[in-house]
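Can you keep this structure in mind? I'll have questions shortly.
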Amino acid sequence: MISYALFYLIAAFILLCSMMVVVSRNPVTSAIFLVTDLFFISALFAKMNAHFLAAIQILLYAGAIVVLFVFVIMLLNLKAEELKGARMTVPEIGVLIVSAIGFVVIAALLGADGATTGGDGRWTDEAITAAGGNTFAVAMRLFVNFVWPFELASVLILLAIVASVVIARKDSLVSSGVGSTAPAQGKGEKGKVAHGTR
Amino acid sequence: MVPVEHYMVLATLVFFCGLAGVMFRKNLIMVLMSIELMLNAVNIVFVAASRELADLDGQVMVIFIITVAACEAAVGLAMVIALFRKYGTVNTGFLRMLRG
């Protein structure tokens with residue numbers, strides 16, 4: 001019973017914060033609500049006995065990613081968005097609501113007739129406790145069964161670092177050449193042509 | 001124990017909040033934040049299914065999703081900065097060079 005009450009409390013907060021992220025006019029407000037949302041999702045992970053994920057959810061998402069967002073908002077010095085240009089049309093809202101209802105029905109039917117099968121079924125809560133806790137069990141899984149995807153993830157992060165530096169650099173070809181009508185042939189000339197024609 | 005469908009319905013609703021943000025917000029940073037919201041909804045599904053099926057692979061997948069989300073946010077925000085430097089706006093209504 002307590003478990004249900006806790007779940008519905010956390011779920012209500014998650015939904016509330018998610019809606020506030022989307023409807024807030026000020027990006028900073030949205031970012032704050034996103035942090036709150038991530039904290040409650042982390043609480044949900046902890047409630048599902050995924051303690052390690054609850055920790056990295058806070059460390060990585062709330063600690064790193066949202067801080068990055070807030071830094072960029074601060075750099076760009078954005079004003080509160082004018083919602084005039086963002087009028088939604090009735091068909092768009094209709095499509096969104098209908099598809100949302102459809103997906104909710106599908107999600108609600110997932111538990112019926114053993115629709116959720118598969119998995120090895122070895123890692124019950126008791127088995128995880130016996131194996132040395134959630135963090136240890138997940139780490140064994142990650143470094144034994146998923147070691148090559150783990151290494152590839154490090155390559156992905158390296159690529160993301162290089163790409164971010166190249167894209168955001170001041171004299172970058174990408175940032176000065178985007179949207180230029182001149183054909184992309186001269187490597188050094190491209191940025192100047194783009195600036196001239198604009 | 002709360003049945004898995006409850007988690008799935010919650011994740012679906014969060015996902016559609018994010019989708020609405022991607023569809024209707026005009027600020028590029030808001031679009032990126034909404035994408036983060038959608039990725040988090042998927043994370044909830046993975047963890048709930050991992051618990052339901054008593055299989056830890058779902059939790060390992062969430063670690064990879066968080067990694068990819070971090071990379072996506074970094075590159076996306078770099079692009080936002082580059083676009084802002086060139087056009088002075090991050091409004092998706094103005095940035096329509098790729099529309100035919």
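Bear in mind the structure is a predicted one, so any value in this text is a computation, not a measurement. Below, chain A is the first sequence line, B the second, and so on; all start at residue 1.
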Report the distance from atom CG of Leu34(A) to atom CG of Leu32(B), rounding to the nearest 0.5 Å.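 Leu34(A) CG to Leu32(B) CG: 11.0 Å, rounded to 0.5 Å.
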
Can you say whether Phe146(A) sits under 4.5 Å from chain B via the side chain, the backbone, both, or neither, judging by heavy atoms? both

If you compare all heavy atoms of Arg25(B) against all heavy atoms of Arg25(A), which two are closest, and at what distance to 0.1 Å?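 Between these two residues, the closest heavy atoms are NH2-O, 3.8 Å.
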
Within 6.0 angstrom of Phe64(B) CZ, more than 12 heavy atoms from elsewhere: yes

Going by heavy atoms in the side chains, are Phe24(B) and Leu96(A) under 4.5 Å from each other?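 Yes, at least one pair of side-chain atoms sits under 4.5 Å.
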
Where do Ile63(B) and Val138(A) land on the side chain to side chain contact (heavy atoms under 4.5 Å, CB included) test, with the steps shown first? CA-CA 10 Å; Ile63(B) 296 175; Val138(A) 171; 3.9 Å; yes

Go through the atoms of Met38(B) and report whether side chain, backbone, both or neither lie under 4.5 Å from a heavy atom of chain A. neither

Is there side-chain contact between Val2(B) and Met48(A), with at least one heavy-atom pair below 4.5 Å? no

With chain B as the partner, which of Asn134(A), Ile97(A), Leu152(A) has the greatest number of non-hydrogen pairs under 4.5 Å? Asn134(A)

For Leu159(A), is it the side chain, the backbone, both or neither that has a heavy atom under 4.5 Å from a heavy atom of chain B? neither

Verify whether the ring centers belonging to Tyr7(B) and Phe7(A) lie closer than 6.0 Å. yes

Under 4.5 Å to a heavy atom of chain A? For Ala48(B) that would be both

What are the two closest non-hydrogen atoms of Val75(B) and Ala163(A), and how far apart are they?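 Looks like CG2-CB, 4.2 Å.
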
Looking at Cys17(B) and Met19(A), what are the two nearest heavy atoms and their distance?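 It is SG-CG, 3.8 Å.
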
Determine the option with the most heavy-atom pairs under 4.5 angstrom with chain A, choosing from Val62(B), Asp57(B), Val90(B), Leu19(B).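 Option with the greatest count: Asp57(B).
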
Around atom OH of Tyr4(A), are there more than 12 heavy atoms of other residues, nucleotides or ligands at under 6.0 Å?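 Check passes, neighbour count above 12.
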
If you look at every heavy atom in Ser34(B) and Val22(A), which pair is closest and at what distance? OG-CG2, 4.5 Å

Is Leu9(A) linked to Phe40(A) within one hydrophobic cluster, defined over Ile, Leu, Val, Met, Phe, Trp and Tyr using a side-chain heavy-atom separation of less than 4.5 Å? yes

Separation of Asn49(A) CG from Arg51(B) CZ (nearest 0.5 Å):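 Atom-to-atom, Arg51(B):CZ and Asn49(A):CG are 5.0 Å apart.
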
Please verify the inter-ring angle class for Phe16(B) with Phe103(A); under 30° counts as parallel, over 60° as perpendicular, anything in between as tilted.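 Answer is tilted, since the angle falls between 30° and 60°.
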
Is it the backbone or the side chain of Ala49(B) that comes under 4.5 Å from a heavy atom of chain A, or both, or neither?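 It is neither, since no heavy atom gets under 4.5 Å.
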
Answer key: most heavy-atom pairs under 4.5 Å with chain B among Val105(A), Leu53(A), Ile56(A), Ile106(A) is Leu53(A)

What pair of heavy atoms forms the shortest contact from Ala54(B) to Thr124(A), and how long is it?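 Looks like CB-N, 3.8 Å.
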
For Met140(A), I'd like to know if atom CE has over 12 heavy atoms of other residues, nucleotides or ligands within 6.0 Å. no

For chain A, find which of Asn43(B), Val47(B), Thr89(B) contributes the most heavy-atom pairs closer than 4.5 angstrom. Val47(B)

Taking Leu56(B), Thr12(B), Thr92(B) one by one, which has the highest count of heavy-atom pairs under 4.5 Å against chain A?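 Winner by heavy-atom pair count: Leu56(B).
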
Without swapping roles, check the side chain of Arg169(A) against the backbone of Ala82(B) for a donor-acceptor pair under 3.5 Å. no

Heavy-atom pairs under 4.5 Å with chain B: which of Leu142(A), Asp37(A), Leu6(A), Ile14(A) has the most?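 With the most close heavy-atom pairs to chain B, the winner is Leu142(A).
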
Proximity breakdown for Phe71(A) and chain B, heavy-atom pairs closer than 4.5 Å: neither

Tell me, side chain or backbone of Leu60(A) under 4.5 Å from chain B's heavy atoms, or both, or neither? side chain

ILVMFWY network linking Leu156(A) to Tyr61(A), side-chain heavy atoms under 4.5 angstrom: no

Do you reckon Val35(A) sits in the same ILVMFWY cluster as Val67(A), going by side-chain contacts under 4.5 Å, direct or chained?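 Val35(A) does not cluster with Val67(A).
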
Can you tell which of Asn40(B), Ile29(B), Leu95(B) has the highest number of heavy-atom pairs within less than 4.5 Å of chain A?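 Most heavy-atom pairs under 4.5 Å with chain A: Asn40(B).
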
Leu59(A) and Phe45(A): same hydrophobic cluster, using ILVMFWY side-chain contacts below 4.5 Å? no

Please state whether the side chain, the backbone, both or neither of Ala11(A) comes within less than 4.5 Å of a heavy atom of chain B.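 Both the backbone and the side chain of Ala11(A) come within 4.5 Å of chain B.
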
In terms of heavy-atom pairs under 4.5 Å with chain A, which of Ile81(B), Thr67(B), Val14(B), Ile44(B) leads? Ile44(B)

Side chains of Phe69(A) and Met33(B): does their closest heavy-atom pair fall under 4.5 Å? yes

Which atoms of Ala139(A) come close to chain B, meaning under 4.5 Å heavy atom to heavy atom: side chain ones, backbone ones, both, or neither? neither

Looking at Val72(A), Ile157(A), Val66(A), Leu76(A), which one has more heavy-atom pairs under 4.5 Å with chain B than the rest?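 Max contact count across the listed options: Leu76(A).
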
When heavy-atom pairs shorter than 4.5 Å are enumerated against chain A, which of Val22(B), Val9(B), Val68(B) gives the highest number?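 Heavy-atom pairs under 4.5 Å are most numerous for Val9(B).
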
Stepwise side-chain hydrogen bond (donor to acceptor under 3.5 Å, both in side chains) check, His6(B) with Tyr8(A): CA-CA 9 Å; His6(B) 289 45; Tyr8(A) 286 118; 2.8 Å; yes

When you group the ILVMFWY residues by side-chain heavy-atom contacts below 4.5 Å and let the links chain together, are Val144(A) and Phe136(A) in the same group?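 As far as the 4.5 Å side-chain criterion goes, Val144(A) and Phe136(A) are connected within one cluster.
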
Least distance between heavy atoms, Met30(B) atom then Ser30(A) atom: CE-OG, 3.2 Å

Any side-chain heavy atom of Val60(B) sitting closer than 4.5 Å to one from Phe150(A)? no

